[in-house]
Structure formats: structure tokens, C-alpha cells
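Mind looking over this structure? Questions follow.
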Amino acid sequence: MRKLNRWCVMLLIAGLSTSNAILAAPEYSLDSEKSSLYFVSTKKTHIVENHYFTNLSGSISEFGEAKLNIDLSSAETGVAIRNQRLRELLFEVVSYSQATVTLSVDAETLDAQEVGSVQVQNVSATLNLHGVSSPIATNLIVTKLSNSTLMVQNASPIIIVAGDYNLATGVDALKNVANLDVISYAVPVNFTLLFNTQ
Ligand code: UQ8
């Protein structure tokens, strides 16, 4: 009888650990080589230019805590002196080296998503940029490319307004140093993020 009880306990423990292994959602990390994040500037009313960050990192935990880190020193505008001015006059990277985006996603829904399928998720994220945290409500397109790879894209451009992040003075400084009449404070952002399970 005692032997039978011991067997029952062992089976219970084995069952619990197996079901945990099945239920645990995988963790993902950002594939920085295959991911991109573009931002758009407008100067002299009609001159619109694409720029991007070369250094991104990020993760999605097994609990659905998603994070994107943007290395602000890695802003690439195609002009070296302009890159340096963005780092020093705009982002002030000595004090604010990174921008971070955090949000919660439903890890189980993500895990259950079929390979090849596309979901649109309405999310509320927090962007911490230049010492200011502000919410972003937007739709994200989530595509499950394989059992180990997710693609996350913005469904529509996200408009960052420089003043919301204490960056208007920096935009004015860029305008003055480059002797321009106007640089827009409104900056559209677009991204494609690839995540792989570890
Ligand atoms: C499964 C699941 C759902 C997972 C979720 C995964 C996840 C983490 C998702 C993230 C979701 C999300 C909501 C992400 C949000 C991403 C965003 C919005 C990030 C923000 C990125 C960012 C920091 C953007 C930059 C913002 C900003 C205010 C930029 C300012 C740009 C400007 C105005 C640049 C001006 C450039 C310019 C015209 C300079 C003038 C100039 C100079 C100075 C110069 O020296 C020069 O050369 C001499 C010129 O001539 C060439 C110049 O023109």
C-alpha cells in the first residue's frame, strides 16, 4: 500500500512537471540583423528623409513582457556630421543613451498562433525617450513565420512629436546649426522586428 502511495506521488510530480513544460511559453530575443526601425525627418517644408537605427535589441519573456531597446548613438542619417549632431544636440546620448519600449502581450495567444498566420494586436506600449515616459496606443501586425520566428510590424506609422519627449529644443538646435528655416517636430516611425526563440 505504502509502495502504491509512493508511485502515485511520483506520477503526480512527473505529470505536473510535464504539464508545466508544455504550458510554458517560449522566450524570444530580437534578431538585430534582420530587424529595422526607420524614422523620418522633414526640413524646409518639402525635404523628407529616411533615417534608421543600426543597433536594436529586445526580448519577449515567457510571461509576455516585450521589450525593445534602441541605441540612440546608432542613429544613421547618411551624413556623418549630422549623425554626430543628432547624438549630441538632439538625443544627448551622454545622459540618455537608450530609448526603450515596453508592453505586455498575451504569451499564450502568441504561443497558440499558427505558423503562417497573421494577427493584428491592439497594444498599449510605453516609450521611454530622453528621460520621458509616454504611452503609445497602436496596432501591431504579428506574423508567425515558423515555430521559432515571429515578425512584428507597425500597422500604421507611429508619429512621435518631439515636444512630448522634451526634444523640441534639440530639434531647434539642429535647425540653427544647419541654418535651416524649419525642421518638423513630427517624426513618423516604422519598424519590422524579427524575434527568435532562444
Ligand atoms: C508579439 C508582440 C506584439 C511583440 C511586441 C514587440 C515590441 C517590443 C514592439 C514595439 C512596439 C512599439 C509601439 C514600438 C514603438 C517604436 C518607436 C515609436 C520608437 C521611437 C524611435 C525614436 C527614438 C525615434 C526618433 C524620434 C525623433 C524625435 C527624432 C528626431 C528626428 C529629426 C527631427 C531629425 C532632424 C534631421 C535633420 C533634418 C537635421 C538637419 C541637418 C543637420 C543638423 C546637419 O548637420 C546637416 O549636415 C550638414 C544636414 O544636412 C545634410 C541637415 O539636414
Side-chain angles (χ1 to χ4, degrees), residues 25 28-30 35-44 47-53 56-61 64-72 74-91 93 96 98-107 109-111 113 119-130 132 134-144 150-195:
Y28 291 88
S29 58
L30 189 82
S35 298
S36 59
L37 189 146
Y38 286 87
F39 60 101
V40 176
S41 71
T42 308
K43 65 181 180 185
K44 296 199 224 168
I47 301 182
V48 181
E49 294 171 280
N50 265 324
H51 318 290
Y52 58 99
F53 293 98
L56 306 172
S57 60
S59 56
I60 306 171
S61 79
E65 296 149 350
K67 193 167 182 181
L68 171 66
N69 303 310
I70 303 160
D71 175 0
L72 296 172
S74 76
E76 181 51 74
T77 70
V79 179
I81 181 69
R82 183 160 64 174
N83 294 350
Q84 185 189 332
R85 287 170 170 167
L86 257 69
R87 290 194 292 269
E88 291 173 3
L89 302 176
L90 179 71
F91 295 129
V93 296
Y96 311 104
Q98 300 245 322
T100 57
V101 184
T102 49
L103 67 148
S104 287
V105 298
D106 186 338
T109 308
L110 205 58
D111 199 29
Q113 188 174 339
Q119 273 188 7
V120 177
Q121 287 198 24
N122 185 252
V123 300
S124 177
T126 302
L127 169 62
N128 186 289
L129 169 60
H130 201 243
V132 180
S134 192
I136 294 178
T138 194
N139 282 329
L140 298 177
I141 302 170
V142 181
T143 308
K144 194 136 186 189
L150 283 179
M151 181 167 70
V152 180
Q153 298 166 295
N154 54 309
S156 55
I158 296 174
I159 314 288
I160 297 298
V161 178
D164 291 350
Y165 295 91
N166 210 5
L167 287 168
T169 315
V171 172
D172 288 343
L174 293 175
K175 181 189 76 172
N176 294 335
V177 77
N179 206 16
L180 296 165
D181 289 342
V182 61
I183 299 179
S184 176
Y185 292 142
V187 179
V189 173
N190 290 289
F191 53 83
T192 296
L193 305 176
L194 264 290
F195 289 92

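Read the numbers this way: they start at 1 and go in the same order the structure lists the ligands and their atoms. Position 1 is the first residue of the sequence, and the numbers go up from there.
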Checking contacts here: is it the side chain or the backbone of V123 that comes within 4.0 Å of ligand 1, counting heavy atoms only? Could be both or neither.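 For V123, there is no contact with ligand 1 at all, from either part.
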Got the closest protein heavy atom to atom 48 (C) of ligand 1, with its distance?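 Checking every protein heavy atom, the shortest distance to atom 48 (C) of ligand 1 gives R85 NH1, 3.8 Å.
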Using a 4.0 Å heavy-atom threshold (strictly under), name the region of T102 that reaches ligand 1: side chain, backbone, both or neither.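 Neither part.
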Within the 3.5 Å criterion, strictly below it, is a donor on D71 or S74 matched to an acceptor on the partner's side chain?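 Checked: D71/S74 side chains show no N/O donor-acceptor pair below 3.5 Å.
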Record the part of F191 in heavy-atom contact with ligand 1 below 4.0 Å; permitted values are side chain, backbone, both and neither.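 Within the 4.0 Å criterion, F191 contacts ligand 1 through side-chain atoms alone.
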Considering non-hydrogen atoms of the protein only, which is the closest contact for atom 50 (O) of ligand 1, and what is the distance?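 It is K43 NZ, 3.4 Å.
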Less than 4.5 Å apart, side chain to side chain, heavy atoms only: is that true for L193 and L30?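 Yes, at least one pair of side-chain atoms sits under 4.5 Å.
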Could you name the option among S124, S184, A125 that has the heavy atom nearest to atom 13 (C) of ligand 1?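 Answer by nearest heavy atom: A125.
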Quick check on the 6.0 Å ring-centre criterion: do Y165 and H130 meet it?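 No: the rings miss the under 6.0 Å criterion.
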Do any nitrogen or oxygen atoms of E49 lie less than 3.5 angstrom from nitrogen or oxygen atoms of ligand 1?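 No, since none of the N or O atoms of E49 sits under 3.5 Å from an N or O of ligand 1.
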With atom 51 (C) of ligand 1 as the reference point, say which of H51, K44, R82 has the nearest heavy atom.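 Considering heavy atoms of H51, K44, R82, the nearest to atom 51 (C) of ligand 1 sits in R82.
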Selected option - heavy-atom contact closest to atom 36 (C) of ligand 1, from S41, S35, A75: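 Going through S41, S35, A75 one by one, S41 has the nearest heavy atom to atom 36 (C) of ligand 1.
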Can you find a pair of side-chain heavy atoms, one from K67 and one from N69, that are under 4.5 Å apart?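 In contact.
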Considering only heavy atoms from C-beta outward, does the side chain of R85 approach that of L90 to under 4.5 Å?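 When only atoms from C-beta onward are counted, L90 and R85 do not touch, as no gap falls below 4.5 Å.
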To which of L127, T109, I60 does the heavy atom nearest atom 20 (C) of ligand 1 belong?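 When every heavy atom of L127, T109, I60 is considered, L127 comes closest to atom 20 (C) of ligand 1.
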Would you mind running through ligand 1 and noting each atom that sits below 4.0 Å from a heavy atom of L90?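 Every atom of ligand 1 under 4.0 Å from some heavy atom of L90: 30 (C).
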Check whether any side-chain heavy atom of F91 lies under 4.5 Å from a side-chain heavy atom of L86, and answer yes or no.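 When only atoms from C-beta onward are counted, L86 and F91 do touch, with a gap below 4.5 Å.
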Quick one: are L68 and L37 in side-chain contact, heavy atoms under 4.5 Å?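 Side-chain contact under 4.5 Å: yes.
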T138 versus ligand 1: do any nitrogen or oxygen atoms come within less than 3.5 Å of each other?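 Between T138 and ligand 1, no N or O pair is found under 3.5 Å apart.
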Among protein heavy atoms, which lies nearest atom 33 (C) of ligand 1, and at what distance?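 Closest protein heavy atom to atom 33 (C) of ligand 1: I183 CG2, 3.8 Å.
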Using a distance-only test with no angle check, is there a side-chain donor-acceptor pair under 3.5 angstrom linking Y185 and D164?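 There is no such pair between these side chains.
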Ring centres under 6.0 angstrom apart (F53, F39):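 When the ring centroids of F53 and F39 are compared, they turn out to be within the sub-6.0 Å range.
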Distance under 4.0 Å to a non-hydrogen atom of I70: what atoms of ligand 1 satisfy this?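 Ligand 1 atoms under the 4.0 Å threshold to I70: 19 (C), 21 (C).
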Within a 6.0 Å radius of atom CG on N122, are there more than 12 heavy atoms belonging to other residues, nucleotides or ligands?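 Buried by this count: over 12 neighbours within 6.0 Å.
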Can you tell which part of N154 has a heavy atom less than 4.0 Å from ligand 1: side chain, backbone, both or neither?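 It is neither; nothing of N154 touches ligand 1.
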By number and element, which atoms of ligand 1 are closer than 4.0 Å to a non-hydrogen atom of L68?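 Those of ligand 1 that fall under 4.0 Å from L68 are 8 (C).
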Side-chain touch S134/L127, heavy atoms, less than 4.5 angstrom: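 In short, these two side chains do not touch, never coming nearer than 4.5 Å.
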Which ligand 1 atoms are under 4.0 Å away from a heavy-atom of L180?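 Those of ligand 1 that fall under 4.0 Å from L180 are 40 (C).
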Quick test: of every protein heavy atom, which one is nearest to atom 22 (C) of ligand 1, and how far off is it to 0.1 Å?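 It is F53 CE1, 3.8 Å.
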Counting heavy atoms only, which of V40, V161, V101, L103 comes nearest to atom 7 (C) of ligand 1?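 Looking at heavy atoms only, the winner is L103.
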Only heavy atoms of L110, strictly under 4.0 Å: list the atoms of ligand 1 that pass.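 Under 4.0 Å from L110, ligand 1 has these atoms: 1 (C).
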Distance filter under 4.0 Å to L174 heavy atoms, resulting ligand 1 atoms: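 This gives 35 (C), 43 (C) as the contact atoms.
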Salt bridge (charged side-chain N to carboxylate O under 4.0 Å, His left out) evaluation trace for R82 with E49: CA-CA 12 Å; R82 183 160 64 174; E49 294 171 280; 3.0 Å; yes
Apply the test side chain to side chain contact (heavy atoms under 4.5 Å, CB included) to residues I183 and L174: give CA-CA distance (whole Å), side-chain angles for both, the deciding distance (0.1 Å), then the verdict. CA-CA 8 Å; I183 299 179; L174 293 175; 4.0 Å; yes
With a 4.5 Å heavy-atom cut-off, do V101 and T126 have their side chains touching?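 With C-beta onward as the side chain, the pair stays apart.
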Ligand 1 contacted by T42 (non-hydrogen, < 4.0 Å):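 No, that is not the case, since the closest heavy atom of the residue is not under 4.0 Å from the ligand.
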Heavy atom of the protein closest to atom 17 (C) of ligand 1 (residue, atom name, distance):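 So the nearest neighbour among protein heavy atoms is V189 CG1, 3.9 Å.
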To the nearest 0.1 Å, how far is atom 3 (C) of ligand 1 from its closest protein heavy atom, and which atom is that?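 Going atom by atom, the protein heavy atom closest to atom 3 (C) of ligand 1 ends up being V105 CG1, 3.5 Å.
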Please examine the side chains of V152 and I141, heavy atoms only from C-beta on, and report whether any two atoms are closer than 4.5 Å.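 Side-chain contact under 4.5 Å: no.
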Going by the atom numbers of ligand 1, which of them fall below 4.0 Å from some non-hydrogen atom of L140?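 Near L140, meaning under 4.0 Å from one of its heavy atoms, ligand 1 has 3 (C).
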